[in-house]
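Letters go in sequence order (proteins before strands), and every chain restarts at 1.
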Amino acid sequence: MAKEKGHTKKNFLKGILIENPLFVSVLGTCPALATTKTIEAAIGMGLLFTIVLICSNVLVSLLRKLIPEEIKTPAYIVIIATFVTIVKMLTNAFLPALYSTLGVFISLIVVNCIVLGRAEAYASKNGVFDSFIDACGMGLGYTLALISMALFREILGSGMITFGEIFTFIPLTRIPILTYMKSDYTVVYDYSISLFSTPVGAFIVFAFILGVMAFIKNRKNELKTYQERQEKLRKAAEAKAASMQGGNQQ
Amino acid sequence: MKEILTFVLAIVSAMLIDNVVLSRFYGICPFLGVSKKVKSALGMGIAVVFVIVLATVICWPLYNYILVPAGIEFMDTVAYILVIASLVQLVGLFIKKHSPSLYKTLGIYLPLITTNCAVLGVAQGNTDQALSFIDSLANGLGTSLGFLFVIVVFSCIRVRLESANTPKALKGLPIALITAAIMAMAFMGLQGLFSGIV
Amino acid sequence: MSNAKKYILTSVTLGAIASSSALLIGLANLITKDQIKKNEAAQTRAGLAQIYGSNATYGDAVAINDKNYSHLICYYPASIDNDPVGNVFKASGKNEYGDITLLVGVSTNNEAGQIYLITNTQSYASTLVNNYVGPYNNGRVEFDDVSCGATHGAELVRDLVLEAVNWSIAQGGGN
């Protein structure tokens with residue numbers, strides 16, 4: 001039972017950091033660059049993506065013994081497309097502001113490499129509960145990745161964090177960081193760099209985050225190599241000292 | 001005459017002004033994945049042109065003459081993706097028969113055209129904006145030609161980047177993305193190109 | 001024999017998956033269809049209320065099919081306490097940056113009033129709202145002051161509003 005618990009936790013956490021679908025496997029980049037202009041849109045996109053991923057993983061895992069090998073891919077695609085269409089209709093009905101902000105990118109969850117990838121690589125080979133946990137982890141990791149990109153883009157690009165435009169049950173709040181704009185649109189000060197709201201900024205933020213992660217990984221590898229080399233030198237010195245002592249004794 | 005001019009301008013406008021990769025963000029995965037060699041980028045771009053044009057030609061009548069009269073417009077996403085998946089298989093078989101070297105170069109990236117956001121994005125976008133057949137065709141042609149243009153230019157630059165002296169943390173994907181950012185900046189300058197004409 | 005059996009099994013499974021997916025989606029469609037219609041009506045009403053306030057009563061939409069004013073879709077007559085105060089025009093247009101659909105109030109004196117953007121898919125959407133439409137509605141920016149960082153979008157908005165005003169004048173408005 002203890003092994004089971006550790007396994008589930010590792011399954012869940014791997015989607016967030018070690019195998020983060022956006023920053024490590026670099027999949028699903030299209031919505032990541034297009035919907036991260038504001039933090040609210042990123043949260044909405046991540047939420048819809050997680051729902052589709054969980055549903056598709058669970059259903060594919062349930063049906064994994066019934067689907068023949070040859071039609072695996074079209075079958076998975078139809079399953080994913082079904083859930084995406086249902087989610088699209090529900091969003092249009094109950095969160096129309098999110099639907100009009102995300103636009104065609106809700107439909108594009110169908111061709112998101114992550115959903116199809118997890119269905120083929122994991123859900124078709126593992127049980128329902130494991131697939132569910134895997135989907136939760138991957139979805140959460142993707143959402144956090146989207147939010148981190150949107151954080152940079154919105155703060156630098158528009159200068160303030162706006163809540164309440166999409167999730168209309170939150171009152172419209174603007175948190176001023178680089179720009180302070182009152183509710184009647186008078187601008188008190190504006191230090192934002194509007195480049196980051198444009199596609200150029202999306203590429204730059206993505207490159208920056210990937211560069212930072214590569215830097216950290218390189219440092220870790222360098223540290224590990226250094227430690228291993230020190231260990232080898234120490235062992236060689238010990239062996240030499242031992243052989244010299246042995247020689248002296250003789 | 002005016003229709004032809006509008007058609008050509010619509011293609012060029014979809015290709016340059018709201019470029020499919022650098023402005024609308026479709027097709028980023030193959031854009032970053034296939035562009036390490038110019039030849040494979042060219043092959044991928046041409047295959048995408050074929051698939052998008054054929055998909056537009058098939059999906060528009062499918063939606064307007066089959067799905068709408070039957071009252072099941074909501075099945076459009078499922079129908080489109082099945083059409084695209086089969087089209088990609090067919091294009092793959094066609095390339096395998098006529099140009100086995102290109103087939104080997106493309107390798108795994110050919111089935112990945114199915115998950116190219118540009119193909120489904122164009123088909124779904126034509127439906128969402130309720131474009132006429134000619135406008136959909138212009139949109140499809142412009143999008144795919146824009147993709148071909150950008151991916152070939154990007155691969156030419158990226159080949160040179162491989163031997164450049166980039167900082168270690170930026171090697172590979174980050175420096176490629178910064179290059180894409182600079183290209184996007186260049187394309188931003190093309191906006192407003194036809195403000196007096198169309 | 002087993003080849004044929006394999007084909008049959010394959011197509012039956014695929015058919016089963018396809019038809020159950022169609023059923024599920026049809027079910028979702030049934031559930032959400034009315035809600036979507038209600039959303040659109042509520043959105044139109046909310047947009048109208050932004051123009052002349054929620055105290056005004058708005059008549060039904062009157063379609064406009066004039067080729068010279070191709071961007072105008074329809075108008076809603078507005079009145080406060082049975083006193084006609086103007087018309088709310090719905091217009092839509094597009095430029096190379098995206099589409100705009102808006103509601104604009106034109107008073108009985110053919111003056112442009114408040115603007116409410118229903119759909120705004122411009123590339124610089126929030127700049128357009130924050131620097132032109134918002135300040136204009138709050139009376140702090142002149143109608144012709146379109147250089148705002150989203151100039152092409154502002155010009156499109158201005159052209160749509162002017163089209164509504166000109167249509168109003170051409171109808172001999174002001175009675």
ask   = Got a second to check how far C/Ser21's OG is from A/Ile80's CD1, nearest 0.5 Å?
value = 12.0 Å
inquiry  = Contact between C/Thr32 and A/Asn92 at the side-chain level, heavy atoms closer than 4.5 Å - yes or no?
reply    = no
request  = For atom CZ of A/Phe152, decide whether the heavy atoms of other residues, nucleotides or ligands shown that lie under 6.0 angstrom number more than 12.
outcome  = no
query = More than 12 non-hydrogen atoms from neighbouring residues, nucleotides or ligands closer than 6.0 Å to OH on A/Tyr189, yes or no?
reply = yes
key: Atom group of C/Asn29 that falls short of 4.5 Å from chain A, counting heavy atoms   = both
key: Pick from C/Asn130, C/Asn131, C/Thr13 with the largest number of heavy-atom pairs that fall under 4.5 Å of chain A   = C/Asn130
key: Distance in Å, A/Met89 CE paired with C/Ile31 CD1, rounded so as to fall on 0.5 Å steps   = 9.5 Å
Straight-line distance of C/Leu24 CG to A/Thr82 OG1, nearest 0.5 Å = 7.0 Å
request  = Could you list which of residues 198-208 of chain A have a heavy atom closer than 4.5 Å to any heavy atom of chain C, in residue-number order?
outcome  = A/Thr198
key: chain C contact via A/Leu63 - which portion, at a heavy-atom distance below 4.5 Å   = neither
ask   = Rounded to the nearest 0.5 Å, how far does CG of A/Leu90 lie from CD of C/Gln35?
value = 10.5 Å
task = Check whether C/Val129 gets within reach of chain A through its side chain, its backbone, both or neither, counting any heavy atom under 4.5 Å.
result = both
inquiry  = Suppose a student defines contact as a heavy atom less than 4.5 Å from any heavy atom of chain C. Which residues in residues 94-113 of chain A would they list?
reply    = A/Phe94, A/Pro96
